[in-house]
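Here the structure is laid out as structure tokens; the discussion comes afterwards.
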Amino acid sequence: MAKVNKGCLASAAWYELPEDTREDILAFLPLECLCRSRSVCKEWNALFSSTKFITNKWAEAPPNKKPWLVLCKENNQRGGWVNCSRYCFFTRTWKNCISLSFLPRGDEKIQYFGSAQGLFLVDIPQGRNTVCNPLTQAFLQLPPMSSIKILMTRGIVSWKADTQETYKVVAVGLSPSNDALQVEIYDSSEKSWGVVRYLPETVDKFDLSQGIIFCDGFFYWIILDREAGMGVLGFSILEGTSTFTPFPELANDNAIWPKLLICGSRILLSGGVGPRRVWSMSMSMYTMFEIMEVVLWEFQNDSSSCSWKEISRMPPSLCEVFQRTSFHSFECVGVEDCVCFTAYQCMDFAVYNLKEETWSWLPTIDAGDGYPRLMAFKPRPDMKVW
């Protein structure tokens, strides 16, 4: 009696299942298995590169539904290369699985400026404004900007062009003609930069170190307005109009170390609040900012005005952990319904859950020395860089 090949039987049984059922099963593959399985056959390679499957099936499966928290740290002992780790909220584990070693960078470090729908915006040697997908290892060095001579800040945002999913890179900087601040936008569907318009003349061009966030066709940016003080500028990408919302008022003449972040469709301001202390040393005066507590405000936008509403404060027990390491500054990022915090030389991550209104800790991680850079990253093996 001839032996029956069990592999053939398993293969036949697999293809007897309805196509929809097979896709539902494959949607539960973790990312590492998904990438390896593309080499199984042409059908799987095409399926795992399909935007329809990735967005409707795989990205909606419980293990893949929530974006990752990505931690990047410079490793100065290796020529400035960057260590990247990612935290999965479903498995509640850290993994070192994001590598940008495929980029042509030599021994110089990469600078990160944001992520959107599976793409990173980075700077590499001889490659300012490079967009890459770390899962497919595809990258595109954008052409030079047409009018900005000194770049202040930039970011990347996903965009819908008819039915096609594209992206835009937004850059803010100084014009060579009159030193005015202007916005220039790269459109991936057009493969070119275009000047939108100038920012208000009252924006102080020498106090613009913060990054930008995106929400509902606007980008938001922490600025110093010479007439209205510190606050947040909102700029419409399509219309080129802008609004300004001052920071919330603080008691006891305290100062604020502000961070702007996006959680889903909610815009939040995270503020390290505390006094400024002046120190005298060898005939010189130094001002040092000491964070005593962390406050979260939510952006309120109605038809008549914009304002900030306090929604939570970090518990003292969590603040004390950061203050024991380095809490003169901190980093935070929004990952859907969670706000994640860490600080320089700290292995701890505090998390505020917006839905549950609770504070908690993530598992600790030793990611090496260096200043932390946090990002939310949604894996998209189907997303193209051009």
**OP:** Give, for atom CE of Met383 and atom SG of Cys132, the distance between the pair rounded to the nearest 0.5 Å.
**Re:** 12.5 Å
**OP:** In plain terms, say whether Glu336 and Arg266 are close enough for a salt bridge, that is, a side-chain N and a carboxylate O under 4.0 Å apart.
**Re:** no
Original post:
Would a 4.5 Å heavy-atom cut-off, applied to side chains only, mark Leu181 and Met152 as touching?
Top reply: yes
Original post:
Quick one: does Pro104's side chain get under 4.5 Å of Ile124's, heavy atoms only?
Top reply: yes
**OP:** Quick one: do Glu310 and Val295 satisfy side-chain contact (heavy atoms from CB on, under 4.5 Å)? Show the steps, please.
**Re:** CA-CA 7 Å; Glu310 183 179 325; Val295 185; 3.7 Å; yes
Original post:
For Pro381, does its backbone N or O pair with a side-chain atom of Thr136 as donor and acceptor, under 3.5 Å?
Top reply: no
Subject >> Nearest heavy-atom neighbours spanning Cys263 and Val335 >> reply: SG-N, 4.5 Å
Original post:
Between Glu331 and Lys259, is the closest basic N to carboxylate O distance under 4.0 Å?
Top reply: yes
Original post:
Atom CG of Asp225 and atom CD of Glu201: how far apart are they, to the nearest 0.5 Å?
Top reply: 11.5 Å
Subject >> Shortest non-hydrogen contact from Ser188 toward Thr166 >> reply: OG-CB, 3.2 Å
Subject >> Side-chain donor/acceptor of Thr245 to backbone N/O of Ser307, under 3.5 Å >> reply: no
Subject >> Trace of the side-chain contact (heavy atoms from CB on, under 4.5 Å) decision for Lys57 with Asp24 >> reply: CA-CA 7 Å; Lys57 297 278 189 174; Asp24 287 340; 2.7 Å; yes
Original post:
CZ of Phe349 to CH2 of Trp361: how many Å apart, nearest 0.5 Å?
Top reply: 10.5 Å
**OP:** Could you grab the distance from atom CG of Leu233 to atom OG of Ser242, nearest 0.5 Å is fine?
**Re:** 5.0 Å
Original post:
Does the side-chain hydrogen bond (donor to acceptor under 3.5 Å, both in side chains) test come out yes or no for Gln182 and Ser147, once each step is laid out?
Top reply: CA-CA 9 Å; Gln182 68 179 36; Ser147 60; 2.3 Å; yes
**OP:** Check Asn353 against Cys338 and note the closest heavy-atom contact, atom names and distance.
**Re:** ND2-SG, 4.0 Å
Original post:
Charged N to carboxylate O below 4.0 Å: is that the case for Asp337 and Lys66?
Top reply: yes
**OP:** Just jot down the salt bridge (charged side-chain N to carboxylate O under 4.0 Å, His left out) partners of Arg380, sequence neighbours excluded, or say none.
**Re:** Glu165, Asp382
**OP:** Spell out, as yes or no, whether a donor-acceptor pair under 3.5 Å connects the side chain of Ser115 to the backbone of Ala376.
**Re:** yes
Original post:
Considering only heavy atoms from C-beta outward, does the side chain of Ile212 approach that of Tyr220 to under 4.5 Å?
Top reply: no
Subject >> Pairwise distance CZ(Phe244) to CG(Leu199) - rounded to 0.5 angstrom >> reply: 12.5 Å
Subject >> Verify same cluster id: Val157, Leu142 (apolar side-chain graph, 4.5 Å) >> reply: no
**OP:** Please check if Val70 and Leu121 belong to a single hydrophobic cluster, counting links between Ile, Leu, Val, Met, Phe, Trp and Tyr side chain heavy atoms closer than 4.5 Å.
**Re:** no
Original post:
Between Cys319 and Val294, what is the shortest heavy-atom contact and its length?
Top reply: SG-N, 4.2 Å
**OP:** Side-chain contact test, heavy atoms from C-beta onward, threshold under 4.5 Å: evaluate it for Leu318 versus Asp348 and give yes or no.
**Re:** no
Subject >> No-hydrogen, no-angle side-chain donor-acceptor test under 3.5 Å, Trp359 and Ser312 >> reply: yes
Original post:
Yes or no on side-chain contact (heavy atoms from CB on, under 4.5 Å) for Thr130 and Leu140, after CA distance, side-chain angles and deciding distance?
Top reply: CA-CA 6 Å; Thr130 296; Leu140 175 67; over 6 Å; no
Original post:
When you look at Phe235 and Phe218, which way does the ring-ring contact (aromatic ring centres under 6.0 Å, His included) test go after all the steps?
Top reply: CA-CA 5 Å; Phe235 187 91; Phe218 280 73; 8.3 Å; no
Subject >> Backbone of Leu17 reached by a side-chain donor or acceptor of Thr21 within 3.5 Å >> reply: no
**OP:** Might you work through the salt bridge (charged side-chain N to carboxylate O under 4.0 Å, His left out) test for Arg313 and Glu293, ending with a clear yes or no?
**Re:** CA-CA 7 Å; Arg313 297 191 175 217; Glu293 60 180 346; 2.7 Å; yes
Subject >> Stepwise side-chain contact (heavy atoms from CB on, under 4.5 Å) check, Cys340 with Phe89 >> reply: CA-CA 12 Å; Cys340 306; Phe89 284 86; 3.9 Å; yes
Subject >> Transitive ILVMFWY side-chain link Trp221 to Ile185, under 4.5 Å >> reply: yes
Subject >> Student check: side-chain heavy atoms of Val232 and Ile223 closer than 4.5 Å >> reply: no
**OP:** Sort and list the pairs that fulfil salt bridge (Lys or Arg N to Asp or Glu O under 4.0 Å) and have at least one residue in residues 143-158, not counting sequence neighbours.
**Re:** Asp123-Arg154, Lys149-Asp179
**OP:** For the residue pair Tyr87 and Pro363, establish whether any side-chain heavy-atom pair is separated by less than 4.5 Å.
**Re:** yes
Original post:
Relative to the ring of Trp68, is the ring of Phe377 parallel (under 30°), tilted (30 to 60°) or perpendicular (over 60°)?
Top reply: tilted
Original post:
When you measure from the side chain of Ser50 to the backbone N and O of Ala46, does any donor-acceptor pair fall under 3.5 Å?
Top reply: no
**OP:** Please round to the nearest 0.5 Å and tell me the distance separating atom CZ of Phe341 and atom CG of Leu261.
**Re:** 7.0 Å
Subject >> Asp216 CG: over 12 foreign heavy atoms closer than 6.0 Å >> reply: no
Original post:
Is there a side-chain contact between Lys309 and Phe299, using heavy atoms and a 4.5 Å cut-off?
Top reply: no
**OP:** Would you kindly confirm whether Ile54 and Ile25 end up in one hydrophobic cluster when ILVMFWY residues are joined by side chain heavy atoms under 4.5 Å apart?
**Re:** yes
Original post:
Would you find a donor on one side and an acceptor on the other, under 3.5 Å apart, between the side chain of Tyr167 and the backbone of Val385?
Top reply: yes
Original post:
Looking at side-chain heavy atoms only, is the closest gap between Asp20 and Glu23 below 4.5 Å?
Top reply: yes
**OP:** Might you point out which heavy atoms bring Ala171 and Leu151 nearest each other, and give the distance in Å?
**Re:** CB-CD1, 3.6 Å
**OP:** Spell out, as yes or no, whether a donor-acceptor pair under 3.5 Å connects the side chain of Lys378 to the backbone of Lys65.
**Re:** yes
Original post:
Counting N and O atoms only, with roles assigned by atom type, does the side chain of Trp308 sit under 3.5 Å from a partner on the main chain of Gln300, one being a donor and the other an acceptor?
Top reply: no
**OP:** Would you confirm whether the ring centroid of Trp58 sits within less than 6.0 angstrom of the ring centroid of Phe53?
**Re:** no
Original post:
Is there a path from Ile256 to Ile222 through hydrophobic residues (I, L, V, M, F, W, Y) whose side chains come within less than 4.5 Å of each other?
Top reply: yes
**OP:** Give the minimum heavy-atom separation between Cys306 and Asn301, together with the two atoms involved.
**Re:** SG-OD1, 3.3 Å
Original post:
Hey, which of Tyr112, Phe102, Phe139 is the one that makes ring pair (Phe, Tyr, Trp, His ring centres under 6.0 Å) with Phe120?
Top reply: Tyr112
